[in-house]
Asks: 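Got a structure here, written out as structure tokens. Questions coming.
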Amino acid sequence: MISVPARLTSPSDIENLANALREESRAAPRSVRVCIGTGCAAKGSRRLYELFLEAATQSGEDIRVEAKCVGCHGFCERGPIVVIEPGEVFYQRVEEPDVPEIFRETVLGGRVIEGLLYEDPSTGKKATKATEIPFYNVQERVVLGMNGIVEPTSIKDYIARDGYKALVKVLTSMTPEEVVSQVEVAGLRGRGGGGFPTARKWRSCREAEGSCRYVICNGDEGDPGAFMDRSIMEGNPHSVIEGMAIGAYAIGAEQGYIYVRNEYPLAVEHLKVAITQAREIGLLGKNILGSSFSFDIRINRGGGAFVCGESTALMASLEGRTGEPRAKYVHTVESGLWGKPTNLNNVETWANVPAIINNGGEWFANIGTEKSKGTKVFSLVGKVENTGLVEVPMGITLRRIVDEIGGGIRDGKLFKAVQTGGPSGGCIPAEHLDARVDFDELTKLGSMMGSGGMIVMDEDTCMVNVAKYFTDFLQKESCGKCTPCREGLSQMLHILNRIARGEGEVGDVEELGTLAEILEGTALCALGKTAANPVLSTIRYFRDEYDAHILDRRCPAKECRGLFRYEIDAEACKACGICLKNCPADAITGEKKVPHTINQEKCTLCGTCWEKCPFTAVLKI
Amino acid sequence: MPTVIIDGQKVEVERDATVLDAAKKAGVWIPTLCYHPAVSISGSCRVCMVELDRGDWRQLITACNYPVRRDIVVYISSDRAERARRGVMELLLARSPESPELKELAERMGVKSTPYPTVTESQRSCILCGLCIAVCEDIIGKAAIGYAGRGVDRTVASPFRQPSEDCIGCGACAAVCPVGTIKVRVHEEQEEVEISPFKSRGKLLVCEQCRAPIVSTQVGEQALGKVEMNREEFRELMRLCPKCRRSKTAARLEAGNIDKQRGGRVVS
């Protein structure tokens, strides 16, 4: 084992350490990497790690095996994921009983176990390495590159893989202005949702009046179904810290804050460990690597309010006040935390910075489209075959994400819409699937990039219900400070509830439009201003579904209770009596060998018969 | 000094003055609810929306807190600005349909009724403007009330919805409330003052002669603490209600107990 020197005091210290660490890893090339990301951990990967660790310690002195916990690989659908070196053998859906076999055959014997490999459902081809799987080979992993490879709780592992090299480069050979220029050349835009040019923000903060400045990392990711930032903080916390340190150097800040949700305990823990390690080794604190630059980071845990992801609400919360937004007519880069110039960026934005410095702004600018550079991480969820965390170059079409990475829609159903941008985003229909993923393109379609939520919906999804769900979410998460958001969202929800109950009236859609206009124009913060997007985009693309609910009292997707009925298909019915026995309303009649029927007057539409029928003879009409 | 052109009318203001300040200077009325010159600006009610000319586009802004830092052009009576203000007022009317004060302001804005049903519950027509909270904290220095709950459940309340120990019964909250939610109630028999709906009660200072209530004892003490009171006659007078004070002074005047050299003050 290489012992870490007490403190790195010069750029050559860290270079020597990195070289020594690389030497060491060459000496022990066998390793088992177990994913402990959210999805895999839920399927018991922690236990797998313990078992591998046990096996590794018992493997004898002549063969050294390293067992590592690593962050999210992204392919959560196929978790728990275990990768064996040498050979990058990618095992999926690993269970406890597989551990001894993997250890004996692959780790020690170098033989691949076919049964644990990923098999392409369409071709039947097995993939030994991750790069052979379509889910991965369409992706381009910049931010997530080290996720699943480095051990998040080991600064040595990060340093051995060129970690903190960008910080050294900045401190030894770049002026703060040169750093900002590189980020400008890269064309990096804020990954938190707004898409504001990062370099412009940095420069404004740097040039703002005042001697004390702050940098903040926004880790208050609260979109339903999104876990991009979570996975970065959990899987590669040092990349965020390094990015922040570089940003602080460029801006002239000495103190940074990471605001992270308390509901992300593993992210909090890994960040804490990483900050402590960086501080101990001298990569945070006074006179970093012997330079005149001093910088330190504190973690603040958020209480889970969605609105605290808004920058001014976040800063109010950091100051110990109620997390509520304020008007941003005076920008936070001028007067933010404690009234000082403050630069706030999202986790993913910060994590992009080391790669930009290491490879140069032009390299980054070569990825993506004209106005949206680099890559974007999405959490791909919903009705696709392969759900998980994906990183794609900007400009890729939605179709490629859904079909190639996502593997198409589950159970042979038809695609209906993809919801991007989190709860304030919009639903994009099939006719726009060839649209490019790009800040401006998505906005044109009535949705937005947001922080990277991507929910795929199939033909069984009712779009009125989708609008209702997101409006309900936002209404509950509204802080209640300003009138339009508090009252306007309640009015919208009231109308949507009526429509979904079959009590909609002619003119409701127009009234929703009027309320949307009030919200967009008059709400105080971005939460309220964009809150009508789910309603507006579903009206824009799925107006016929609204009309069916209002005019025909019918839910075309058969999701809204009361707006469809259950009937038994006499030909498919085997008269087994299961539905009859289970019906809580005694609404089903029938005898042996006589197809059953539902008495519509008695039926309460609970759906029990539909769920219980083993022959799918109960139909939604 | 930057100039602001409001609906074509030119006015100069200090840097960092607000659009509302400029409108006042120009003699143009903009409706406000959560704005009060005595306290910090929250910009929460949104009834003061106006349009700001940004060259190739126009942005809706709140007049009460938009700082003027350069020459700007704003529109108060443009269609979009008026529609925005009406929309916000209609939402407020749906919340608090019973408040005469709110209806009066709505009428002045040309809003006669609201198309929306009442879907959020308000505590006695409270529109959650926050002026009461701000005045209690900023001016009185007490913070006896604050917001409780979030979103539609937000209310103004004392801690744990119990009578607040910090309330001094000054009634400043009632004075600034734009919709008449907060009332000062005097319970003459118990010689107590109550700030309703917060249920905070305090002892009243009552007139030594006629027993009429003057002010809460805590306010009296605070006020007296701010004035130098080394003359017994002042202390005596402060224990009387304004009416009795006047008659006592008048009686002294009649008795001719006046020290003319000392500016006509009554001496005993």
Side-chain angles (χ1 to χ4, degrees), chain A residues 303-308 312-313 321-331 334-335 472-498 507-508 510-525 527-529 531, chain B residues 16 18-19 33-34 40-52 58-69 80-81 83-96 114-122 127-130 133 146-155:
Chain A
F306 179 70
V307 73
C308 283
T312 56
R321 296 184 287 118
T322 315
E324 278 170 10
R326 62 155 176 84
K328 281 207 266 192
Y329 299 137
V330 178
H331 297 298
E334 204 178 301
S335 172
D472 182 56
F473 175 86
L474 291 165
Q475 189 246 14
K476 287 200 172 86
E477 290 297 340
S478 164
C479 74
K481 180 175 176 175
C482 79
T483 308
C485 186
R486 184 186 65 233
E487 308 294 332
L489 278 176
S490 302
Q491 294 289 353
M492 287 180 102
L493 185 61
H494 178 75
I495 297 172
L496 289 166
N497 276 332
R498 269 201 293 111
D508 274 353
E510 288 68 27
E511 193 153 307
L512 284 171
T514 310
L515 284 161
E517 193 197 347
I518 297 175
L519 268 170
E520 196 266 327
T522 69
L524 196 158
C525 78
L527 189 157
K529 281 183 195 294
Chain B
D16 278 333
T18 64
V19 169
L33 272 169
C34 72
S40 52
I41 303 169
S42 75
S44 63
C45 77
R46 321 302 284 177
V47 293
C48 66
M49 302 300 305
V50 298
E51 258 193 308
L52 171 72
R58 287 184 181 183
Q59 182 192 3
L60 282 167
I61 55 160
T62 38
C64 70
N65 62 354
Y66 189 89
V68 182
R69 294 184 152 185
R80 185 156 167 248
R83 214 165 53 236
R85 292 196 298 268
R86 287 179 69 95
V88 172
M89 183 41 96
E90 285 169 353
L91 287 172
L92 286 171
L93 279 177
R95 176 185 174 88
S96 310
T114 175
Y116 309 114
T118 301
V119 294
T120 58
E121 208 179 307
S122 69
I127 53 155
L128 301 167
C129 71
I133 296 170
Y147 285 119
R150 196 179 67 171
V152 287
D153 298 323
R154 187 178 173 105
T155 52

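In what follows, chains carry the letters A, B, and so on, assigned in the order in which the sequence lines appear, proteins first and then strands, with residues in each chain numbered from 1.
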Asks: Atom CZ in R326(A), atom NZ in K481(A): separation rounded to 0.5 Å?
Replies: 9.0 Å

Asks: Which one of V119(B), I61(B), D153(B) has the most heavy-atom pairs closer than 4.5 Å to chain A?
Replies: V119(B)

Asks: Test Y329(A) against every option in V19(B), T62(B), T18(B) by the side chain to side chain contact (heavy atoms under 4.5 Å, CB included) rule and name the one that passes.
Replies: T62(B)

Asks: Taking side chain as C-beta onward, heavy atoms only, is L527(A) less than 4.5 Å from C485(A)?
Replies: yes

Asks: Tell me, for T514(A) versus chain B, whether the close heavy atoms (under 4.5 Å) come from the side chain, the backbone, both or neither.
Replies: side chain

Asks: If you define the side chain from C-beta out and look only at heavy atoms, does anything of R95(B) sit under 4.5 Å from L128(B)?
Replies: yes

Asks: Below 4.5 Å, heavy-atom pairs only: which of L92(B), L33(B), I41(B), I127(B) has the largest tally toward chain A?
Replies: L92(B)

Asks: Between P117(B), G87(B), G130(B), which has the largest tally of heavy atom pairs under 4.5 Å with chain A?
Replies: P117(B)

Asks: With a 4.5 Å cut-off on side-chain heavy atoms, are Y116(B) and H494(A) touching?
Replies: no

Asks: Which bit of L524(A) is near chain B, if near means a heavy-atom gap under 4.5 Å: side chain, backbone, both or neither?
Replies: both

Asks: For R486(A), which atoms come within 4.5 Å of any heavy atom of chain B: side chain, backbone, both, or neither?
Replies: both

Asks: Relative to chain B, which segment of E477(A) carries a heavy atom at a distance below 4.5 Å: side chain, backbone, both, or neither?
Replies: both

Asks: In terms of heavy-atom proximity below 4.5 Å to chain A, should R150(B) be classed as side chain, backbone, both, or neither?
Replies: both

Asks: Check whether A523(A) gets within reach of chain B through its side chain, its backbone, both or neither, counting any heavy atom under 4.5 Å.
Replies: backbone

Asks: Within a strict 4.5 Å, meaning less than it, do heavy atoms of the E324(A) and V307(A) side chains meet?
Replies: no

Asks: Please flag which part of R83(B) lies under 4.5 Å from any non-hydrogen atom of chain A: side chain, backbone, both or neither.
Replies: side chain

Asks: Could you tell me whether R58(B) and E51(B) have a side-chain N and a carboxylate O separated by less than 4.0 Å?
Replies: yes

Asks: Using a cut-off of under 4.5 Å on heavy-atom pairs, state which of S44(B), A84(B), C129(B) scores highest against chain A.
Replies: S44(B)

Asks: Using a strict 4.0 Å threshold on nitrogen-to-oxygen distance, state whether E334(A) and R69(B) make a salt bridge.
Replies: yes

Asks: Please identify, among T522(A), I518(A), L515(A), the residue contributing the most non-hydrogen atom pairs under 4.5 Å to chain B.
Replies: T522(A)

